[in-house]
Every structure is written in structure tokens, then in C-alpha cells.
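Encoded as C-alpha cells, the structure appears first; notes follow it.
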Amino acid sequence: MKKKYAIVIGIFIVILFLIIKTAKHPVQETITFFPLHKNAQFIDAETMLTLIPNKQNKSKYKIEYEIYSKLDRKAYLRQDIGLLFKNGRLIKPIGIKKWQQHSSKLTLNDTVNERDSGYYEAISFHYGEIQEKGMISSVQRMSFDKLYVIDSKFTPNLLSFHSAATKEEKQWEDTFNQMNKKQLDQLWIQAISKLGINRSQYRTIPLSSLPNYNDRPLPGFTKNKSQEIIGKLWEGLYKNYLLGIKKEDGTSESLIGSTVPLLLFNKNNKELLIIFITNIQEP
């Protein structure tokens, strides 16, 4: 039976724990939310997924995952992190423990070996820490890309697209979207039930949909408070998820194979739950 975990983050209370920056662990705790800089902004922030076919074997291919971002100024510290999911399950994190100092630009890229049809989603968090006149602030942005890869016996080559442009692609897009949503909804419902959570008290947003709130507020919050929540959320995800799923006994489990996290915002605006299901089987 798959293990189910939930990270509970109280937006106004427990979240304060996440903003403590420990000097003893600068590598692991790079992403730290500070009050947002009033003027600094990302000129460009992109996530790009690209299919690299295998000429010898159609069913085997590579997915290239690229992240690029550019600030309007040099930052004391820059780091971008990303998560690549296939059919709702994590297959590749990128940017972990990688950062640059005194830089405005960042470029990251990696590839994964894959096979068979799949729906790929990649979400990236672009971050900068700015130190000016003894003050520390941060700047942030999210980006997203998706890619559908179809390995059909009726076509000699792989079919891939980001957004459907033909009737055939639209049919495949709808099929994958419906299948992905159904599978994740079932897993999330099971986890919520096991954890004894009253779903009617929460607004839900999958992590992969969070970039939609780059420039608009989360439901029930102002735009400024939304950006604070998003920044602290990614800090918590980085320390408690991307660096290994933290268990109650202090040990960590690999995040590979875990589902897209589901964010549950309590309608009282005082609590945020993050739920995901790991891929670790019971011995």
C-alpha cells in the first residue's frame, strides 16, 4: 500500500518556521523568502520541454527540460528549481542545490530517457535574493510548460505537441487530460479521506496550476499576500520535498514517483495543506 503524507503549513503561524535561514546549511536552504523587492522583476522566465526522437527505436526517446530566466539586475544569489512530471508522477527535479551569486541570468537543462506515450508537465520557480544597503529582499516568478507525446502503432513517427492544433491532436489532448485528472483525483480523494480532512473547508489548486497566479491573487487573498504565500510555499517545498520527503522519524524518502502535490487552502485563510502520494511501497 502506498504511503500518504501531508505537509501542513499554517500561513500565518506555522509558516514562520520556514523563514528561518540557517547559516550552517547554505547549500540545502538556498531558497528563502524575504519581503519582495519593490522594483526588481524578471525580464524573462521560461520553462521549455522538447522531444528528442530516437532514430533507431521509435518507442524510446528523450525529453529535454530547459529553464531560463533573466532579472533586470544582478542578484546576490540566483536559483531556479523545477519539477518534471509524467502522467501525474514526478520523474525529474532540476536545479536542486545549484545556485549562482552576483548574477542576473540562469540557464539550466537536463534530459530524461523515456518511452511510450505520455503527458509531461514541468513547473519551475525562479528566485533571486537581493542585498542592498543592509536590506535583504527577494524576487520570484513561476513558469510552466506541457508536452504530449504519442507513440501510436498507426503512425511511423512519434507525435508530439504543446497545444493541440489539429482534430487528431485535440482528441489525444482530451484523452490525456481526462485520464490524468481522473487518476490524480482518485489518489487525492483517498489521501484526503485517510487523513480525515473535510474537503468542503478548502479550496484546491494542483501545484502545476500555480503559475496561473503569477499576476493575479489566489482565491480569498490580496495580490501581495498571494505572492508572500507562494514564496513561502516554495521555500517549504524546497526544504521538505525537493531535498527529500521528510518523515516524522527524521529520515527522508525519494520524491521520484510522487504525485503532483495538491494545495488545499483553508477558507478561513489560516491554513494551507500540501498533499502528495509517494511511490514507496510497503516492504
Shortest non-hydrogen contact from K97 to Y238? N-OH, 3.2 Å
Side-chain donor or acceptor of R89 paired with backbone N/O of F85 under 3.5 Å: no
Whether the side chain of S209 engages the backbone of I205 through a donor-acceptor N/O pair (distance < 3.5 Å, no angle test) should be reported. no
Among side-chain atoms of S124 and R141, is any donor-acceptor pair under 3.5 angstrom? no
Is any side-chain heavy atom of I94 closer than 4.5 Å to a side-chain heavy atom of I81? no
Side-chain donor-acceptor contact under 3.5 Å, N266 with E271: yes
Please find the pair of heavy atoms, one from Y68 and one from H126, that lie closest to each other, and give the distance. O-CE1, 3.8 Å
Any chance the side chains of Q171 and E169 put a donor and an acceptor closer than 3.5 Å? no
F176 backbone acceptor or donor facing N180 side chain under 3.5 Å: no
Can you name the closest pair of heavy atoms from L84 and A122 and give their distance? CD1-CB, 4.0 Å
Do E121 and L147 come close enough that some side-chain heavy atom pair is under 4.5 Å? no
Regarding D151 and S59, is there a side-chain donor-to-acceptor distance under 3.5 Å anywhere? yes
Go through the side-chain N and O atoms of Y213 and Q227 and say whether any donor and acceptor fall under 3.5 Å apart. no
Shortest non-hydrogen contact from P206 to L262? N-CD1, 3.9 Å
Less than 6.0 Å separating the ring centroids of Y241 and F276? yes
Checking N198 against S200: is there a side-chain donor and acceptor pair closer than 3.5 Å? yes
Can you give me the closest heavy-atom contact between S117 and N87, atom names plus distance? O-ND2, 4.2 Å
With distance as the sole criterion, is a donor-acceptor pair present between the side chains of E132 and Y76 under 3.5 Å? no
For a quick check under 3.5 Å, do T47 and Y65 share a side-chain donor-acceptor pair by atom type? no
Shortest non-hydrogen contact between L187 and T259, atoms and distance: CD1-CG2, 3.8 Å
Between H37 and S138, is there a side-chain donor-acceptor contact under 3.5 Å, judged purely by atom types and distance? no
Give the ring-plane orientation class for Y148 versus Y119, where under 30° counts as parallel, over 60° as perpendicular and anything between as tilted. parallel
